[in-house]
Amino acid sequence: MTIVEARQLTRVFPMDAGPVIAVRGVSLRVGGGDYIAIGGPSGCGKSTLLHLLGCVDSPTEGDVVFEGREVGALSDSERGRIRLTRIGFVFQRFFLLPMLTAWENIELPQSEAGVPRSKRHDRTRELLEYVELSDRAHHLPSQLSGGEMQRVAVARALANRPALLLADEPTGELDEQTGEHIAALFDRVHAGGTAIVLVTHNAALAERAKTRLSMRSGSLFS
């Protein structure tokens, strides 16, 4: 089953010095069993492509089709619902809400999706156990290590049982050993049935993916 398909995507950003083509003519299909790693130099368009696949940004040309629906034809609320319930996001700098505990960060997207309180509590407890942080449930991000924060971020991304996990340099802020722990966690997520697309400079992390692609100057290569 195809989860998301990019069809000849181009994304152009207007700039004072002239337009910048961040993504040019990219086509990509992501299925339910896929684990795709995209490498390439900084500024080549990797993050922009993730934003397009994740329905965060809109292409200048081309189409994104998510679970059979053309994203460009959807309302803002429909696209928001896809982002909330069908896609999980993990970022290099974690982006946990600093005033919320680990538990509250994981519970928040479930609350926004309208999940009943009792089911939210069960899911949050399950995810904290999954990422082996039950003993850090009531710690604020400032009280967690970088690896612990990223594990909370992964748990938050999985909170609403997404079909697709998108990760942007998920080990970029971590030391080698901690990055290895996060890579192993991604293996578990994929084995559990979640498709993954990540962009990374980490060769060891990319090697764990089933498909490895690279970007240069906005174009995607196998």
Side-chain angles (χ1 to χ4, degrees), residues 1-11 22-23 25-40 45-91 95 106 109-110 112-115 123 126-127 130 153-170 182-183 185-200 205-215 218-222:
M1 173 185 172
T2 299
I3 297 173
V4 63
E5 183 178 2
R7 298 175 178 173
Q8 290 295 308
L9 297 185
T10 293
R11 181 65 169 101
V23 172
V26 168
S27 294
L28 177 66
R29 181 176 295 160
V30 182
D34 285 342
Y35 186 172
I36 300 171
I38 302 174
K46 303 186 301 297
S47 294
T48 301
L49 178 58
L50 274 195
H51 293 162
L52 294 170
L53 294 175
C55 308
V56 174
D57 193 12
S58 299
T60 306
E61 297 178 8
D63 298 300
V64 175
V65 178
F66 195 92
E67 295 184 328
R69 306 169 75 192
E70 285 197 12
V71 174
L74 301 178
S75 66
D76 289 344
S77 62
E78 288 173 319
R79 288 195 296 272
R81 189 70 184 176
I82 289 174
R83 291 193 299 270
L84 180 61
T85 64
R86 303 302 296 152
I87 305 173
F89 297 90
V90 178
F91 303 98
F95 292 126
I106 297 168
Q110 301 172 71
E112 292 177 339
V115 177
R123 179 63 173 161
E126 173 189 358
L127 285 166
Y130 181 75
V154 171
R156 178 185 60 185
L158 298 175
N160 288 322
R161 305 181 190 275
L164 175 65
L165 184 68
L166 300 176
D168 193 349
E169 297 287 359
I182 296 299
L185 179 55
F186 274 80
D187 290 345
R188 290 174 60 203
V189 170
H190 176 252
T194 304
I196 299 175
V197 179
L198 61 83
V199 301
T200 184
L205 176 59
E207 283 293 326
R208 304 174 88 115
K210 295 173 65 176
T211 302
R212 293 180 292 279
L213 306 173
S214 62
M215 286 194 79
S219 297
L220 192 63
F221 300 89
S222 59

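As the structure is a computational prediction, the values presented were derived from the model and not from experiment.
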What's the separation between atom CD1 in Ile36 and atom CG in Leu220, rounded to the nearest 0.5 Å? 9.0 Å

Quick test of your reading: applying salt bridge (Lys or Arg N to Asp or Glu O under 4.0 Å), list the pairs with at least one residue in residues 58-74, sequence neighbours left out, ordered by first then second residue. Glu67-Arg86, Arg69-Glu78

If you apply the rule side chain to side chain contact (heavy atoms under 4.5 Å, CB included), what do you find for Leu164 with Leu166, and how did you get there? CA-CA 7 Å; Leu164 175 65; Leu166 300 176; 3.8 Å; yes

Decide side chain to side chain contact (heavy atoms under 4.5 Å, CB included) for Ile196 and Phe186; before the verdict, give the C-alpha distance in whole Å, the side-chain angles of both, and the deciding distance to 0.1 Å. CA-CA 8 Å; Ile196 299 175; Phe186 274 80; 3.9 Å; yes

Using modelled atom types only, decide if a donor and an acceptor are shared between the side chain of Arg123 and the backbone of Leu158 within a distance under 3.5 Å. yes

What closest approach, in Å, do Ala195 and Gly31 show between heavy atoms, and which atom pair accounts for it? CB-O, 3.4 Å

Shortest non-hydrogen pair, Leu205 vs Ala183, comes out as CD1-CB, 3.6 Å

Could you check whether any side-chain N or O of Asp168 sits under 3.5 Å from a backbone N or O of Leu198, counting only pairs where one atom can act as donor and the other as acceptor? no

How many angstroms lie between CZ in Arg29 and OG1 in Thr2, if you round to the nearest 0.5 Å? 5.0 Å

Phe221 vs Leu213 side-chain heavy atoms within contact, under 4.5 Å: no

Might you work through the side chain to side chain contact (heavy atoms under 4.5 Å, CB included) test for Glu112 and Leu84, ending with a clear yes or no? CA-CA 8 Å; Glu112 292 177 339; Leu84 180 61; 3.8 Å; yes

How far apart are the closest heavy atoms of Ala159 and Pro109, and which atoms are they? CB-CG, 3.9 Å

Kindly write out the residues that satisfy salt bridge (charged side-chain N to carboxylate O under 4.0 Å, His left out) with Asp57, not counting sequence neighbours, or none if the list is empty. Arg11

Search all heavy atoms of Phe89 against all heavy atoms of Gly54 and return the closest pair with its distance. CZ-O, 3.5 Å

Full working for side chain to side chain contact (heavy atoms under 4.5 Å, CB included) between Met215 and Ile38: CA-CA 7 Å; Met215 286 194 79; Ile38 302 174; 3.8 Å; yes

How would you list, by chain and number, every residue that makes a side chain to side chain donor-acceptor pair (under 3.5 Å) with Arg161, sequence neighbours excluded? none

Partners of Arg188 by salt bridge (charged side-chain N to carboxylate O under 4.0 Å, His left out), sequence neighbours excluded? none

Measuring only between side-chain heavy atoms, which start at C-beta, is Val65 closer than 4.5 Å to Arg7? yes

Once you round to the nearest 0.5 Å, how far does CZ of Arg83 lie from SG of Cys55? 7.0 Å

Could you check whether the rings of Phe95 and Phe91 sit parallel, tilted or perpendicular, using 30° and 60° as the cut-offs? perpendicular

Might you point out which heavy atoms bring Ser58 and Leu52 nearest each other, and give the distance in Å? C-CD2, 3.5 Å

How long is the straight-line distance from CG of Leu49 back to OG of Ser219, given to the nearest 0.5 Å? 11.0 Å

Heavy-atom nearest pair, Pro170 first then Ile182, reads O-CG2, 4.4 Å

Donor-acceptor pair, distance only, cut-off 3.5 Å: does the side chain of Ser27 make one with the backbone of Gln8? yes

dist Glu126:CD -> Ile106:CD1 (nearest 0.5 Å) comes out at 11.0 Å

Under the ring pair (Phe, Tyr, Trp, His ring centres under 6.0 Å) test, which residues partner Tyr35, sequence neighbours left out? His190

Donor-acceptor contact below 3.5 Å, side chain Lys210 vs main chain Gly33: yes

Any donor-acceptor N/O pair, Thr10 side chain to Gly25 backbone, under 3.5 Å: yes

Can you tell me how far apart CG (Leu53) and CG (Leu28) are? Round to the nearest 0.5 Å. 6.0 Å

Please check if the side chain of Arg79 supplies one atom and the backbone of Leu74 the other of a donor-acceptor pair under 3.5 Å. yes

Those residues that, when tested against Asp34, pass side chain to side chain donor-acceptor pair (under 3.5 Å) (two or more places apart): none

